[in-house]
**Q** 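I have a structure here, written as structure tokens, and I will follow up with some questions on it.
Hydrogens, waters and symmetry mates are skipped; everything else that's a heavy atom, side chains included, is used.
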Amino acid sequence: MSGAAARAEWRAGWPVVGGAALGLGVALPAWNYYSSLFVVPLTQEFGWTRGELARASALSLIGAFAAPWIGKFADRLGARPVLVFGLAAYGAVLAGFAAQPGSLSVYAALIVLHTGLGLAAGGAIFCRPVAGWFSVARGMALGITMSGVPLAAAIITPALQAVIAGAGWRGGYLFLAALAVGIGIPATLALVRERPVATEDASSAEGGDWNAILRAPRFWLLFLSLIPVNTAGTGIMSQMAPLLTDAGQSAASAALLLSIFAGAVIVARLAAGWGIDRYPPHIVAAVVTGTPALGCVVLLLGPPSFAVAALALMLVAVQQGAEIDLVGNLIARLFGMRHYATAYGACVLALGLSGAAGVLLFGQLHDWYDGYGTALWLSALGYAAGALLLYALRLRPGE
């Protein structure tokens with residue numbers, strides 16, 4: 001990697017990275033880090049089981065179908081107008097959660113809107129301008145950008161826990177809505193912008209035509225790899241707080257462990273970004289995707305101490321820290337920038353479908369087996385399968 005070229009890219013593009021990282025930290029991508037804090041309050045107040053809540057939450061897959069279309073708008077109109085709309089709409093839906101009356105059908109409808117509208121301020125859209133400003137240092141730029149999510153989550157999670165404890169779960173939703181509108185929109189308007197001159201990756205012959213992308217076998221390898229990996233990752237994150245408290249951790253300890261997890265994600269994202277700029281991306285992707293299987297095994301060994309639980313979550317965080325920015329980097333390398341947000345949006349569809357499956361799977365398996373053991377075994381297998389599919393991408397030198 002050319003040091004002079006990388007420094008030139010950073011001089012021009014660092015405000016975009018900062019604005020995108022700040023916006024992502026208060027938008028939909030951060031939701032999975034602290035959504036599990038609402039599981040116990042909602043089930044206790046309304047008498048829902050965790051399986052019922054998971055089934056309603058799994059309907060987010062309907063909203064995920066909007067991702068490719070949102071990506072097309074961003075590719076045609078630019079990222080900023082789509083992002084501002086997405087942040088405003090996301091805040092409105094969070095306010096809707098605060099007002100919902102305790103009906104599972106109303107909750108499910110809000111979940112669909114939460115995902116469908118929130119994707120307009122998701123990783124695919126925020127990463128588009130970042131990827132356009134960087135080429136030589138793109139891996140690190142995307143890693144830092146996506147690190148805004150766990151960094152914000154590490155700060156927001158204990159604050160949200162305190163808000164829920166003091167003002168109830170409705171106050172928690174309003175707190176998140178205020179962050180999206182009050183921080184996300186100003187940061188986007190002030191800092192996030194497209195590069196004035198379009199940057200096409202000339203090395204990617206597949207990137208000039210959307211139909212060619214859809215015919216490319218490596219696009220489908222990437223798409224399919226996300227399904228088992230994100231089923232496991234989202235399932236674990238959706239039940240992380242109750243999983244930890246069921247294993248003997250206090251509510252306060254569980255919230256602290258969620259913050260440790262978020263901090264580990266930051267380290268993993270930066271390490272993966274550094275690695276993907278220097279080593280074959282398919283090898284980096286396979287290693288970080290397979291590592292969380294070890295974390296699942298650690299959790300399966302028995303009720304963990306605080307230190308053992310922290311170790312397990314840090315192992316899981318290795319993949320959670322690299323998945324999204326690896327996808328963004330691989331799309332830019334393989335297919336260029338012309339249809340970047342559309343291709344990324346299609347991958348987000350895979351993430352949405354598998355994420356909904358993971359939420360449903362973990363909640364339902366908990367109800368069936370009165371615990372998370374079976375779900376954790378399946379997660380370990382999912383991580384291993386995803387690692388093999390990513391390794392099969394086999395990027396050539398120069399891609």
**Q** After noting the C-alpha distance and the side-chain angles of L389 and T289, does the key distance pass the side chain to side chain contact (heavy atoms under 4.5 Å, CB included) rule?
**A** CA-CA 10 Å; L389 288 168; T289 300; over 6 Å; no

**Q** Are L22 and W10 connected in the hydrophobic side-chain network, where two residues link if heavy atoms are under 4.5 Å apart?
**A**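 L22 clusters together with W10.
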
**Q** Can you tell if the side chain of C296 reaches within under 4.5 Å of the side chain of W377, non-hydrogen atoms only?
**A**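 Sidechains of W377 and C296: no contact.
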
**Q** Show the numbers, then the answer: is there a side chain to side chain contact (heavy atoms under 4.5 Å, CB included) between L222 and L390?
**A** CA-CA 6 Å; L222 179 60; L390 286 168; 4.0 Å; yes

**Q** So if you build clusters from Ile, Leu, Val, Met, Phe, Trp, Tyr with side-chain heavy-atom gaps below 4.5 Å, do V297 and V308 land together?
**A**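 Different hydrophobic clusters.
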
**Q** Considering only heavy atoms from C-beta outward, does the side chain of L179 approach that of F175 to under 4.5 Å?
**A**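 Sidechains of F175 and L179: in contact.
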
**Q** Is the shortest side-chain heavy-atom distance between T291 and Q319 below 4.5 Å?
**A** no

**Q** In the structure I gave you, are the side-chain heavy atoms of V136 and D277 within less than 4.5 Å of one another anywhere?
**A** no

**Q** Decide whether L300 and F306 are clustered together by the hydrophobic rule: side chain heavy atoms of Ile, Leu, Val, Met, Phe, Trp, Tyr closer than 4.5 Å, transitively.
**A** yes

**Q** Within the distance-only criterion (no hydrogens, no angle test), does the side chain of R80 pair as donor or acceptor with the backbone N or O of V192 below 3.5 angstrom?
**A** yes

**Q** Are Y107 and F97 close enough that their ring centres sit under 6.0 Å apart?
**A** yes

**Q** Could you tell me which non-hydrogen atom of R333 sits nearest to which non-hydrogen atom of I276, and how far apart they are?
**A**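 Result for this residue pair: NH2-O, 2.8 Å.
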
**Q** Considering only heavy atoms from C-beta outward, does the side chain of F85 approach that of L117 to under 4.5 Å?
**A** yes

**Q** Report yes or no: do L258 and L311 belong to one cluster of Ile/Leu/Val/Met/Phe/Trp/Tyr joined by side chain heavy-atom distances under 4.5 Å?
**A**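 In one cluster: no.
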
**Q** Could you walk me through whether W169 and E45 satisfy the side-chain hydrogen bond (donor to acceptor under 3.5 Å, both in side chains) test, starting with their C-alpha distance in whole Å, then the side-chain angles of each, then the deciding distance to 0.1 Å, before giving a yes or no?
**A** CA-CA 10 Å; W169 59 267; E45 178 160 341; 2.6 Å; yes

**Q** Taking the side chain as C-beta and beyond, is there a heavy-atom pair between L365 and W368 under 4.5 Å?
**A**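 Yes - at least one pair of side-chain heavy atoms lies under 4.5 Å apart.
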
**Q** Does the E9 side chain pair with the main chain of A4, one donor and one acceptor, at a distance under 3.5 Å?
**A**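 A pair under 3.5 Å: no.
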
**Q** Applying salt bridge (Lys or Arg N to Asp or Glu O under 4.0 Å), can you list everything that pairs with E194, at least two apart in sequence or on another chain?
**A**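 By the salt bridge (Lys or Arg N to Asp or Glu O under 4.0 Å) rule, E194 matches R128.
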
**Q** Between F65 and L353, does a side chain to side chain contact (heavy atoms under 4.5 Å, CB included) hold up when you go through it step by step?
**A** CA-CA 8 Å; F65 281 96; L353 295 175; 3.8 Å; yes

**Q** What pair of heavy atoms forms the shortest contact from A56 to L104, and how long is it?
**A**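 For A56 and L104, the tightest heavy-atom pair comes out as CB-CD2, 3.9 Å.
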
**Q** Is it the case that one hydrophobic cluster holds both M237 and V298, taking links as side-chain heavy atoms less than 4.5 Å apart, direct or via other members?
**A** no

**Q** Can you check whether A67's main-chain N or O pairs, donor with acceptor, with Y344's side chain at less than 3.5 Å?
**A** no

**Q** Over 60° means perpendicular and under 30° means parallel, so classify the ring planes of F223 and F219, tilted if in between.
**A**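 Answer is tilted, since the angle falls between 30° and 60°.
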
**Q** Once side chain to side chain contact (heavy atoms under 4.5 Å, CB included) is applied, do any residues pair with A254, and if so which ones, sequence neighbours excluded?
**A** L244, T245

**Q** Please confirm whether the backbone N or O of L214 pairs with a side-chain atom of W220, one donor and one acceptor, at under 3.5 Å?
**A**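 Between the backbone of L214 and the side chain of W220 there is a qualifying donor-acceptor contact (under 3.5 Å).
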
**Q** F38 vs W31 aromatic rings, parallel, tilted or perpendicular, using cut-offs 30° and 60°?
**A** parallel

**Q** Work out which heavy atom in V84 is nearest to a heavy atom in T188; give both atom names and the distance.
**A**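 Looking at all heavy atoms of both residues, the shortest contact is CG2-CG2, 4.2 Å.
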
**Q** May I ask you to test the L270-M140 pair for a side-chain heavy-atom distance under 4.5 Å?
**A** yes

**Q** Work out which heavy atom in A64 is nearest to a heavy atom in L349; give both atom names and the distance.
**A** O-CD1, 3.4 Å

**Q** Is a side-chain donor or acceptor of T115 paired with a backbone partner of V112 at a separation under 3.5 angstrom?
**A**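 Checking the backbone N and O of V112 against the side chain of T115, no donor-acceptor pair under 3.5 Å is found.
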
**Q** Compare all side-chain heavy atoms of P228 with those of S354 and state whether any distance is below 4.5 angstrom.
**A**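 Contact flag for P228/S354 side chains = no.
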
